[in-house]
Amino acid sequence: MTTAGDINFSGKRVLVRVDFNVPLNKEMKVSDDTRLRAALPTINKILKDGGSAILMSHLGRPKEGPSDKYSLHHIVGHLTGLLGKPVRFAGDCIGEEAKKMASSLKGGEVLLLENLRFYKEEEKGDEVFAGKLAAMGDYYVNDAFGTAHRAHASTAIIAKFFPSAKCFGYLIAAEISSIDKVLNNAAKPFTAIMGGAKVSDKILILEQLINKADNIIIGGGMAFTFIKAQGGKIGRSLVEEDRLETALKILEDAKKKGVNIYIPTDAVCADSFSNEAAKQNCGKDIPDGWMGLDIGPETERSYAEVIASSKTILWNGPMGVFEMSNFEKGTKSVALAIAAATKKGTYTLIGGGDSVAAINKYHLADQVSYVSTGGGALLEYIESGTLPGVEAIKK
Ligand code: AMP
């Protein structure tokens, strides 16, 4: 795996695919700069070597070509502050102006191109468009893990133009080595904790994990499909009736392969989907009219024990509706148990939108081994063992 650390970028104009798809507030200012910060090590390495960086990214999902709402010029000020040097901006990601600005770059200088998705060719993976981007640089670095599961022009197709001048940025390299540690080199026992709303979103990943994990802990709304499939009473809890068979099949496969699957044995129940709802602790069976919105105290304790005895942990998806303070306890206790295990030497990878949001909510991000920056990309990597953006660099 060639990474930015292996290359001397001196004198090179380096096209870097970054993921600057950051949230903007009402004043169009960056409200969370995690993704900008995550790209800094790679950009700084290029500049320090004496290369220049041409940054390419998308922002949001523009539908109808260019619009100010999705313009990357909104982030120029913030990025300038983080880099501590001026960032030039090309108001179109291809065309004469961008070409001119790119060719006049000197070592140590930075150019940010306008939103790639202002061209529908980007998401279509159009080769001509990729070629126009490629023509502006001598070297290609992919550091956008968040979009590495898409075969877009700037994330995968462009690599064809740099058969022997391409590498991974530090962020993608760290993401890959973290997934690899969990999926291919896990210290045992390896426990996967799966939560969130729906079984249907997690079937492929569960099927993969059954071949890798020693323990699979299930929580969140998806647990009720498993409970119902086994004949349990779930009241008005979230359920996917069309996935009951799938849930049984997953349980059967796990048994055949000697994987322990843990399903909640109690729940915090509510009489409506609201933080103000009446609540009570329910045992295995949930009364009619009530819905489970969090794992209960007994489940919390048993999950904490499994976590404490694990040497590798992957966590995706909350244990309950953690956005509501009355139903966050299970998710918080799992997050704390993971942090405590990390302290004792367990390798812990947190990935997938809502578990990352949870670990941040409880200020535990720096107490786990790795927090993935790419939700969808991480899940697809686990499902298929690679990603288009990763393959394109390896070829
Ligand atoms: P996902 O994106 O599939 O990981 O799902 C995350 C969402 O699942 C969060 O917004 C949670 O509020 C929601 N969730 C977790 N547990 C439950 C539950 N018991 N009932 C309904 N929604 C839940």
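Keep in mind the model is a prediction, meaning the values are calculated, not measured. Below, all heavy atoms of this structure are taken into account, side chains as well, without hydrogens, waters or symmetry copies.
Note on L40: it does not cluster hydrophobically with I172, by side-chain heavy-atom contacts below 4.5 Å among ILVMFWY residues. Under the 4.5 Å side-chain heavy-atom criterion for Ile, Leu, Val, Met, Phe, Trp and Tyr, L59 and L133 are members of distinct hydrophobic clusters. Both V390 and F162 sit in one connected hydrophobic cluster of ILVMFWY residues. Membership requires side-chain heavy atoms under 4.5 Å apart, directly or through other members. No continuous path of ILVMFWY side-chain contacts below 4.5 Å connects V321 to M319, so the two sit in separate hydrophobic clusters. Note on M101: it does not cluster hydrophobically with V14, by side-chain heavy-atom contacts below 4.5 Å among ILVMFWY residues.
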Could you go through I179 and L378, starting from their C-alpha distance and side-chain angles, then the distance that decides it, and tell me whether this counts as side-chain contact (heavy atoms from CB on, under 4.5 Å)?
CA-CA 8 Å; I179 302 168; L378 176 84; 3.5 Å; yes

Please walk me through it: do I157 and H152 pass side-chain contact (heavy atoms from CB on, under 4.5 Å)?
CA-CA 6 Å; I157 312 305; H152 292 171; over 6 Å; no

With side-chain contact (heavy atoms from CB on, under 4.5 Å) as the criterion, how do T342 and Q367 come out once you've worked through the C-alpha distance, each side chain's angles and the decisive distance to 0.1 Å?
CA-CA 7 Å; T342 315; Q367 293 180 50; 6.0 Å; no

Report the C-alpha separation of F322 and D294 in whole Å, then their side-chain angles, then the decisive distance to 0.1 Å, and conclude whether the side-chain contact (heavy atoms from CB on, under 4.5 Å) test is met.
CA-CA 8 Å; F322 76 105; D294 196 6; over 6 Å; no

Kindly determine whether D253 and K257 satisfy salt bridge (charged side-chain N to carboxylate O under 4.0 Å, His left out), including the steps that lead there.
CA-CA 6 Å; D253 285 354; K257 291 183 174 152; 5.5 Å; no

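Looking only at side-chain heavy atoms (C-beta outward), D266 and P297 come within less than 4.5 Å of each other. The shortest distance between side-chain heavy atoms of V239 and I234 falls below 4.5 Å. At least one side-chain heavy atom of I158 sits less than 4.5 Å from a side-chain heavy atom of M56. Here the side chains of L171 and V18 are not in contact, with every heavy-atom distance at 4.5 Å or above. Looking only at side-chain heavy atoms (C-beta outward), N360 and H363 stay at 4.5 Å or farther from each other. By the 4.5 Å heavy-atom criterion applied to side chains, F327 and F273 are not counted as neighbours. Within the 4.5 Å cutoff, no side-chain heavy atoms of F168 are placed close to those of D6. The shortest distance between side-chain heavy atoms of L251 and K255 does not fall below 4.5 Å.
Judged by distance alone, with hydrogens and angles left aside, the side-chain atoms of S355 form a donor-acceptor pair with the main-chain N or O of G317 at under 3.5 Å. Of the possible donor and acceptor atoms, one in the side chain of N25 sits under 3.5 Å from a partner among the backbone N and O of M28. Checked by atom type and distance alone, the side chain of N326 pairs as donor or acceptor with a backbone atom of N275 at under 3.5 Å. Listed for the T3 side chain is no donor-acceptor partner under 3.5 Å among the backbone atoms of G169. Here the side chain of E175 pairs a donor or acceptor atom with the backbone of T373 at under 3.5 angstrom. With K45 contributing its side chain and I7 its backbone, the two residues share a donor-acceptor pair below 3.5 Å. Of the possible donor and acceptor atoms, one in the side chain of S57 sits under 3.5 Å from a partner among the backbone N and O of F20. The closest donor-acceptor contact from the side chain of S237 to the backbone of M291 lies at 3.5 Å or more, if one exists at all. In this structure, D32 contributes its side chain and T34 its backbone to a donor-acceptor pair below 3.5 Å. Side chain of T80 to main chain of V76: a donor-acceptor pair is present (N/O by atom type, distance under 3.5 Å, no hydrogens or angles).
Expressed to the nearest 0.5 Å, how far CD1 of I54 lies from CG of L112 amounts to 11.0 Å. In this structure, the separation between CD1 on I338 and OG on S369 is 10.0 Å, given to the nearest 0.5 Å. Annotation: the span from L349 atom CG to D180 atom CG amounts to 11.5 Å, rounded to 0.5 Å. We find the NE2-CD distance between H149 and E383 to be 10.0 Å, quoted to the nearest 0.5 Å. Interatomic distance, CG of D214 versus NZ of K188, reported as 4.0 Å (0.5 Å rounding). To the nearest 0.5 Å, the span separating CG on L105 from OG on S52 amounts to 4.5 Å.
Counting all heavy atoms, side chain and backbone alike, A277 lies closest to D271 at CB-OD1, 3.3 Å. Closest non-hydrogen pair, I227 versus P264, comes out as CD1-O, 4.0 Å. Closest heavy-atom contact between N44 and L83: OD1-CD2, 3.5 Å. Closest approach of A98 and L113 over heavy atoms only: CB-CD2, 4.2 Å. Taking every heavy atom of both residues into account, N21 and G60 meet most closely at OD1-N, 2.7 Å. For G389 against N142, the heavy-atom pair with the smallest separation is O-ND2, 3.6 Å.
Counting non-hydrogen atoms of other residues, nucleotides and ligands closer than 6.0 Å to NZ of K181 gives a total of 12 or fewer. The number of heavy atoms from other shown groups lying within 6.0 Å of CD (E64) does not exceed 12.
Of the candidates R17, K132, R117, R150, R17 is the only one forming a salt bridge (Lys or Arg N to Asp or Glu O under 4.0 Å) with E122. A salt bridge (Lys or Arg N to Asp or Glu O under 4.0 Å) with D138 is found for exactly one of R13, K166, K12, namely R13.
Listed by chain and residue number, nothing satisfies the salt bridge (Lys or Arg N to Asp or Glu O under 4.0 Å) test with D143 (two or more places apart in sequence, or in another chain). Remark: Y139 pairs with F9 by the ring pair (Phe, Tyr, Trp, His ring centres under 6.0 Å) rule, at least two apart or across chains. In this structure, Y347 has no ring pair (Phe, Tyr, Trp, His ring centres under 6.0 Å) partners at least two apart in sequence or on a different chain.
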Could you give the side-chain donor-acceptor pairs of residues 190-203 under 3.5 Å, partners two or more places apart or in another chain?
residue : atom : partner : partner atom : Å
T191    : OG1  : N215    : ND2          : 3.0
T191    : OG1  : S310    : OG           : 2.5
S200    : OG   : E240    : OE2          : 2.4
K202    : NZ   : G195    : O            : 3.0
K202    : NZ   : N316    : OD1          : 2.9

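Pairs of residues two or more places apart, or lying in two chains, that qualify as ring-ring contact (aromatic ring centres under 6.0 Å, His included) and include a residue from residues 67-124 are Y119-F129. Listed by first then second residue, pairs satisfying salt bridge (charged side-chain N to carboxylate O under 4.0 Å, His left out) with a partner in residues 76-100 read R88-E109, E96-K99, not counting sequence neighbours.
Taking the charged nitrogens against the carboxylate oxygens, E328 and K361 do have a contact shorter than 4.0 Å, which makes a salt bridge.
Between Y262 and Y303, the ring planes lie perpendicular to each other; the angle is over 60°, past the 30° to 60° tilted range.
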